[in-house]
Trainee: 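Would you mind keeping the following structure in view while I ask a few things?
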Number of protein chains: 2
Amino acid sequence: MTTIADIAKLAGVAKSTVSRYLNDGSVSEGTKKKIERVINETGYTPNAFAQSLKAKNTNIIGTIVPRLDSYATSRTLIGIDEQLKELNYQMLISNSNQHLETEIENIYTLAKQKVAGIILLAAEITEMHLEAFAKIDVPVLLVGQQHEHIYSVIHDDYHAAYEMGKYILDKGHKKIAYLGVTEKDIAVGVKRKQGFKESMKSTSDCEVKYYETSFNITEALEKVPEIIDSFQPSILVCATDNIALGAMKAASIKGLNIPKDLSITGFGGYEITGMIHPGLTTAKFFYQEAGQLAARSIVKLVRQEELELLNVSSFQLIFRESVDSIV
Amino acid sequence: MTTIADIAKLAGVAKSTVSRYLNDGSVSEGTKKKIERVINETGYTPNAFAQSLKAKNTNIIGTIVPRLDSYATSRTLIGIDEQLKELNYQMLISNSNQHLETEIENIYTLAKQKVAGIILLAAEITEMHLEAFAKIDVPVLLVGQQHEHIYSVIHDDYHAAYEMGKYILDKGHKKIAYLGVTEKDIAVGVKRKQGFKESMKSTSDCEVKYYETSFNITEALEKVPEIIDSFQPSILVCATDNIALGAMKAASIKGLNIPKDLSITGFGGYEITGMIHPGLTTAKFFYQEAGQLAARSIVKLVRQEELELLNVSSFQLIFRESVDSIV
DNA sequence: GACAAAAAAGGAACCGGTTCCTTAAGGTTT
DNA sequence: AAACCTTAAGGAACCGGTTCCTTTTTTGTC
């Protein structure tokens with residue numbers, strides 16, 4: 001390993017001069033040349049640890065994700081990474097594997113590594129989270145979930161669900177099943193359901209039933225047949241695309257034709273929803289863009305610039321073949 | 001920020017004693033208690049940079065991925081992460097966004113950050129890669145691709161394709177289209193094709209044609225109709241599940257029934273292939289397990305232990321509804 | 001109780017940078 | 001030509017740990 005002292009000796013100058021050359025650059029042309037030559041010859045790069053030790057902070061933004069194998073997560077990470085690179089920050093991914101304790105642990109680990117900021121893609125914010133945020137002296141940004149005291153970037157779950165509700169009413173559906181998730185998840189479990197419920201208020205001759213499942217495709221697959229048998233809805237509104245995919249599979253297994261026998265919708269706008277047959281009608285969220293927004297936002301926080309507490313990313317309904325018109 | 005000097009002062013001992021307490025632990029019971037109390041009170045954690053600066057290396061394994069939004073990548077990362085945690089190493093993900101130059105850059109960046117080792121999920125190994133590996137003094141492990149001089153963990157692409165070929169011959173197919181990818185990708189582009197070709201040698205009354213597309217779903221979607229029209233195969237063997245998904249969509253759009261009018265197979269074993277209708281017959285690779293193997297392997301390299309140059313992860317054919325029998 | 005050996009604790013140097021302070025050199029002003 | 005300012009460069013301290021070496025304390029043995 002060559003160090004700054006080696007470079008200094010080889011160039012016949014002091015350490016501080018080399019350091020100055022590398023940073024501000026108040027160095028005469030002659031010595032610049034000398035140092036440049038030596039650095040090129042040796043292929044020297046400064047030791048990042050020594051720099052960070054002195055600087056007491058880094059340009060690293062830690063990003064904690066609940067899982068890596070999810071379209072939403074991946075796209076969000078891509079957006080974050082893209083934007084951070086542009087802002088000269090680096091992304092450090094920390095996977096908590098849908099494990100609450102690991103998630104908390106990761107917060108502390110990142111803090112210990114002196115990251116400049118933390119982006120948290122959480123499904124749920126607990127007391128332990130708040131405690132961790134308070135203890136560490138690092139700005140935190142939530143993505144996908146909101147909280148009254150923490151900066152966040154969220155998707156417009158409420159209005160997406162509202163518009164989706166309006167749309168299926170337009171299509172004439174009267175027997176509607178909504179398949180949601182746990183209310184611990186404010187965004188997906190609460191907001192989407194609220195938006196949907198609100199849209200249902202505009203009509204009175206509809207029968208709407210609400211069910212709950214997990215985020216797991218296979219669990220949806222198991223739960224759906226029962227819903228179909230007992231309630232016989234004309235449409236199944238699923239709180240995520242994955243649930244919708246499970247529902248479609250379940251319907252296919254039962255020999256039902258989508259959308260003739262049963263319409264299905266999702267939320268998310270995963271790429272796969274356009275590739276299957278029939279295509280799935282869904283509300284598309286802009287994960288990558290939200291990731292970019294999150295990156296810009298956390299950097300603002302790091303730089304102590306002004307930022308809205310709540311930042312909303314938009315959505316777009318995508319109409320495909322999985323919804324039939326009832327006449 | 002509290003430092004080890006603060007702790008030492010508060011506990012009334014020397015810095016070195018605190019350090020010893022934190023590491024080997026050759027400290028008397030009495031002082032242990034004192035130090036422990038102070039550390040608990042202050043919530044002190046050692047500065048990772050100072051430690052790394054002295055230690056001259058880290059327990060971080062850098063993992064370079066070509067893209068984040070791929071099932072194979074995600075699963076592999078999960079496996080790596082899981083296993084590294086167990087071995088007390090940390091994973092640092094670096095995304096090259098399918099950009100060769102970024103990939104090379106990332107190699108150098110990771111080396112500069114003094115990672116203990118690098119796992120590279122590459123699609124292609126160029127001269128620039130080899131040059132980078134030679135320059136940096138960090139062990140490197142390839143995943144998914146092999147190279148005569150570099151340690152690697154690969155999937156058994158050759159035999160998976162061979163078995164797949166055998167299977168579809170068994171099913172009686174005679175007009176077979178193979179839709180592959182660029183031969184720059186040794187694993188997917190070359191090995192799968194080779195294995196498949198080998199299996200085709202066992203018969204003489206088959207017409208087999210080879211085509212090429214990209215890894216992109218939409219490109220497959222565009223290319224497939226032409227293949228169907230000009231060649232009219234009874235089966236389309238796709239080199240990846242994504243290509244197969246594109247092909248299925250294309251077939252659906254043309255109004256073809258899968259598998260009656262056209263059989264389709266893939267490679268990969270993505271979860272979604274079991275969720276669509278009809279289910280896709282595919283060769284499943286064990287990405288997560290391969291990731292774990294990769295983690296164990298890179299750690300062996302870091303510790304300068306013995307390791308085979310080539311480590312092969314197995315596969316399993318999954319038979320679903322997308323392949324018909326020709327009688 | 002004296003003495004040797006072992007254990008515990010202290011002190012200083014070091015890791016590789018950055019930065020502050022000081023000195024030296026060169027240029028300008030009067 | 002002296003006084004002053006500016007620019008360039010050197011030297012030393014510092015960031016927060018670890019480790020080696022030395023000194024002090026404890027323990028055990030005769």
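In what follows, every chain begins at residue 1, and chains take the letters A, B, ... in the order their sequences are listed. Quick caveat: nothing in here was measured; it's all calculated off a predicted structure.
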Trainee: Rounded to the nearest angstrom, tell me the gap between atom CG in A:Leu53 and atom P in C:dG16.
Mentor: 12 Å
Trainee: List the residues meeting ring-ring contact (aromatic ring centres under 6.0 Å, His included) with A:Tyr151, not counting sequence neighbours, and say none if there are none.
Mentor: none
Trainee: Go through the structure and list residues passing salt bridge (charged side-chain N to carboxylate O under 4.0 Å, His left out) with B:Lys32, not counting sequence neighbours.
Mentor: B:Glu29
Trainee: Output the rounded distance in Å from NZ (B:Lys114) to C1' (C:dC15).
Mentor: 12 Å
Trainee: Show me the donor-acceptor pairs, under 3.5 Å and distance only, between side chains in residues 139-150 of chain A and residues at least two apart or in other chains.
Mentor:
residue: A:Gln145; atom: OE1; partner: A:Ile186; partner atom: N; Å: 3.3
residue: A:Gln145; atom: OE1; partner: A:Ala187; partner atom: N; Å: 3.2
residue: A:Gln145; atom: NE2; partner: A:Ala123; partner atom: O; Å: 3.4
residue: A:Gln145; atom: NE2; partner: A:Asp185; partner atom: OD1; Å: 2.6
residue: A:His147; atom: ND1; partner: A:His149; partner atom: N; Å: 3.1

Trainee: What string of B, S and - do you get for nucleotides 4-12 of chain C, 5' to 3', when a contact is any protein heavy atom under 4.0 Å?
Mentor: ----SBBB-
Trainee: With each end axis built from five pairs of C1' atoms, what bend angle do you get for the helix from C:dG1-D:dC30 to C:dT30-D:dA1? Round to 10°.
Mentor: 40°
Trainee: Counting just side-chain N and O atoms, does A:Tyr21 come under 4.0 Å of either OP1 or OP2 of C:dT18?
Mentor: no
Trainee: Respond yes when some side-chain nitrogen or oxygen of A:Ser19 is under 4.0 Å from OP1 or OP2 of C:dT18, and no when none is.
Mentor: yes
Trainee: Would you say a side-chain N or O of A:Gln51 is under 4.0 Å from OP1 or OP2 of C:dT18?
Mentor: yes
Trainee: Are the side chains of A:Gln113 and A:Ile60 in touch, meaning some heavy atoms are under 4.5 Å apart?
Mentor: no
Trainee: Quick one: which residue pairs count as a side chain to side chain donor-acceptor pair (under 3.5 Å) with a foot in residues 43-52 of chain A, not counting sequence neighbours?
Mentor: none
Trainee: Is the phosphate of C:dA13, meaning OP1 or OP2, less than 4.0 Å from a side-chain N or O of B:Lys54?
Mentor: no
Trainee: Would you indicate, yes or no, if C:dC15 has its OP1 or OP2 atom less than 4.0 angstrom from a side-chain nitrogen or oxygen of A:Asn47?
Mentor: no
Trainee: I'd like to know if the side chain of A:Asp81 and the backbone of A:Leu77 have a donor-acceptor N/O pair within less than 3.5 Å.
Mentor: no
